[in-house]
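To keep things clear, I will list the structure first and then write my remarks on it.
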Amino acid sequence: MTNDTSDTVPADPRTRVSDRVADRILARIASGEWAVGQRLPGERQLAEDMGVSRVSVRAALQTLKTQGLLDAVQGGGTRVVSNAACMDASLAQLVKANHETLADLAEIRGQIEVWAARRAAQNATPAHLAELSEVMAATEADINAGKHKTENDIRFHLAVAKASGSTVYMHVMGVFRGILQQMLDYHRYEMFPTPEDDQTILGHHRAIADAIAAGDADAAAVAMQAHLGWVVARYRVVQSQRGS
């Protein structure tokens, strides 16, 4: 039988065991061990892994569900939140109602994702670099086959997020994922639908991935800024055409 005072989760008399378990689960999500949308191991396995009781695990999972970080899987189990359901509903509705608001979101992304690319170049592990390499290979193959554009774009930006090593940024990307999918669907099938656009975006992503792999933080930031700056510029052209 497990023991809530196990050294696996260091004791702190000021903090409940379930809170410490919740912190450990969140850390493992942020590390990329459990990706956005992925199902977590069962309560029994989590309890054994962390050296605590299932009661503590259950309470920790409930806390994270209340915070909007996890949700229940139909038929049993828990998964990392994979959509924008926990976001401000007015923002989600605004994006759905008017695609022009996506230009503002693209500009915001241009700030935080440049920061993330820089951090990724500084913090990426061999596992992170292997994932980026695999995403790039899959993207190129799928572009050549004419499929999975949005899926691979999301995978790329989430791989950069993981490589940043930032718990906060990973959660931000997890929360934004649902709206990010809407945004990228609009990009890849309406704003940038041509084979030439595909190759441009592939080149942008490759420049970012190569800079991260080289550990060149400045180059990674510049490459991400160039990529998202190109996106924002296209938005402004479209808006100008609609307004004329």
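All residue numbers refer to positions in the sequence shown, counting from 1. Note: hydrogens, waters and symmetry copies are ignored here, and every other heavy atom, side chains too, is used.
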### Query
Which is it for Arg118 and Glu113 under the side chain to side chain contact (heavy atoms under 4.5 Å, CB included) test, yes or no, and what are the steps along the way?
CA-CA 9 Å; Arg118 180 180 294 279; Glu113 292 202 49; over 6 Å; no
Quick check: do [X] and [Y] have side-chain heavy atoms less than 4.5 Å from each other?
| X | Y | answer |
| --- | --- | --- |
| Leu70 | Gln62 | no |
| Leu202 | Met136 | yes |
| Met224 | Val160 | yes |
| Val80 | Leu40 | yes |
| Val55 | Val17 | no |

Which atom pair, heavy atoms only, marks the closest approach of [X] to [Y]?
| X | Y | result |
| --- | --- | --- |
| Ala220 | Ile212 | CB-CG1, 4.1 Å |
| Val135 | Asn152 | CG1-O, 4.0 Å |
| Arg119 | Ser166 | NH2-CB, 4.1 Å |
| Val52 | Val57 | CG2-CG2, 3.7 Å |
| Ala60 | Ser18 | CB-O, 3.3 Å |
| Leu129 | Ala124 | CD2-CB, 3.7 Å |

### Message
Test side chain to side chain contact (heavy atoms under 4.5 Å, CB included) on Arg16 and Arg20; report intermediate values, then the result.
### Response
CA-CA 7 Å; Arg16 294 183 305 171; Arg20 298 198 297 271; over 6 Å; no
### Between Thr194 and Asp197, a side-chain donor and acceptor under 3.5 Å
yes
### Task
Could you walk me through whether Glu131 and Arg155 pass salt bridge (Lys or Arg N to Asp or Glu O under 4.0 Å), step by step?
CA-CA 9 Å; Glu131 181 176 3; Arg155 289 184 65 206; 5.7 Å; no
### Task
Tell me, yes or no, whether the heavy-atom count around Gln111 atom CD, taken from other residues, nucleotides or ligands under 6.0 Å, exceeds 12.
no
### Query
Is it true that atom CZ of Arg39 has more than 12 heavy atoms of other residues, nucleotides or ligands lying nearer than 6.0 Å?
yes
### Task
Say whether, by atom type as modelled, one donor and one acceptor occur between the side chain of Ser164 and the main chain of Ala161 under 3.5 angstrom.
yes
### Task
Output yes when a side-chain donor or acceptor of Arg79 lies under 3.5 Å from a complementary backbone atom of Asp71, and no otherwise.
no
### Query
Going from OG on Ser53 to CD on Glu43, what distance comes out if it is rounded to the nearest 0.5 angstrom?
10.0 Å
### Task
For Arg206, enumerate each residue passing the side chain to side chain donor-acceptor pair (under 3.5 Å) test, keeping only those at least two apart in sequence or located in another chain.
Glu140
### Message
So, using salt bridge (Lys or Arg N to Asp or Glu O under 4.0 Å) as the criterion, who are the partners of Asp198 when residues are at least two apart?
### Response
Lys149, Arg188
### Query
side chain to side chain contact (heavy atoms under 4.5 Å, CB included) between Tyr235 and Val231: does it pass, once the steps are laid out?
CA-CA 6 Å; Tyr235 269 114; Val231 172; 3.7 Å; yes
### Task
Determine, stepwise, if the pair Glu107 / Leu228 fulfils side chain to side chain contact (heavy atoms under 4.5 Å, CB included).
CA-CA 8 Å; Glu107 289 188 355; Leu228 293 175; over 6 Å; no
### Task
Check the angle between the aromatic planes of His205 and Phe156 and answer parallel, tilted or perpendicular using the 30° and 60° thresholds.
parallel
### Task
Indicate, with yes or no, if Met191 and Ile108 share a hydrophobic cluster defined by side-chain heavy-atom contacts under 4.5 Å among Ile, Leu, Val, Met, Phe, Trp and Tyr.
no
